[in-house]
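Take a look at the structure below.
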Amino acid sequence: AITKPSQNDVLCGRGGATNSHPGNRAFRKLVRDFKDKYLKSKKSAKPRVAEEVVDIIRNLDPSGRFLKKDKNSDMWVEIGSEKAHEKTSQALREGAPAIRKNWDKVDDMPPIKKENKAPIGKEEVKTVETNASANEPAGKPDGDNGMGMAVVV
């Protein structure tokens with residue numbers, strides 16, 4: 001049991017004392033910094049993002065702990081890794097719909113893979129090498145744009 005939390009500890013619970021604690025302020029900033037990464041991650045990668053935040057807190061000097069107050073003893077106790085990850089994941093999800101809606105406005109959406117493929121037989125790609133280094137006449141082969149790039153014809 002802990003009588004006095006350090007400045008890096010994250011205190012669980014409600015109220016001004018918890019919110020204004022330096023460790024909680026640092027935790028909220030860290031969550032803000034990682035929120036986009038979390039929300040843009042695939043479902044399978046989200047726990048790793050939360051773990052990253054928890055690890056940063058725990059690796060501070062002095063080490064940050066996730067604590068809650070024991071009502072009976074009035075002492076602080078560690079909540080453990082599973083609950084620390086749950087708390088962090090919840091904080092990272094907070095406000096997600098509004099943030100995603102904002103991506104549309106600021107054009108900061110995660111890239112969506114779209115492939116514009118023409119129907120087979122309608123388009124042909126020619127790859128052409130430039131003749132800049134070869135001893136060839138100055139004329140360019142058909143389809144060459146002079147930059148050594150493929151030209152769609």
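Quick caveat, the model's predicted, so the values are computed rather than measured.
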* Could you pull out the closest heavy-atom pair between Ser63 and Ser6, with the gap in Å? => O-OG, 4.0 Å
Atom pairs and distances, donor-acceptor, side-chain atoms in residues 25-34, under 3.5 Å, two or more places apart:
from	atom 1	to	atom 2	distance (Å)
Arg25	NH1	Ser20	O	2.4
Arg28	NH1	Asn19	O	3.1
Arg28	NH2	Asn19	O	2.8
Lys29	NZ	Asp33	OD2	3.0

* Of all pairs that satisfy side chain to side chain donor-acceptor pair (under 3.5 Å), the ones with a partner from residues 79-91, not counting sequence neighbours -> Arg58-Ser81, Gln90-Arg93
* To do: Heavy atoms only: give me the nearest Ser41-Lys46 pair and the separation to one decimal.
  => O-NZ, 3.1 Å
Without placing hydrogens or testing angles, list every side-chain donor-acceptor pair under 3.5 Å for residues 71-79, not counting sequence neighbours.
from	atom 1	to	atom 2	distance (Å)
Ser73	OG	Asp70	OD1	3.4
Ser73	OG	Met75	N	3.2

* Asked: Between the main-chain N or O of Arg65 and the side-chain N or O of Asp9, is there a donor-acceptor pair closer than 3.5 Å?
  -> yes
* Please round to the nearest 0.5 Å and tell me the distance separating atom CG of Leu11 and atom OG1 of Thr18. => 5.5 Å
* Hey, quick one: are Val10 and Leu67 part of the same hydrophobic cluster, counting side-chain heavy atoms closer than 4.5 Å, chains of contacts allowed? -> no
* Partners passing side-chain contact (heavy atoms from CB on, under 4.5 Å) against Asp55 (at least two apart in sequence or in another chain) -> Arg48, Glu51, Asn59
* Asked: Roughly how far, to the nearest 0.5 Å, is CG of Leu92 from CG of Asp36?
  -> 11.0 Å
* Structure fact -> Glu94 meets the side chain to side chain donor-acceptor pair (under 3.5 Å) criterion, sequence neighbours left out, with none
* Are the side chain of Lys68 and the backbone of Gly13 linked by a donor-acceptor contact shorter than 3.5 Å? -> no
* Name all residues meeting the side chain to side chain donor-acceptor pair (under 3.5 Å) criterion together with Lys37; count only those two or more places apart in sequence or in a different chain, and write none if there are none. => Glu52
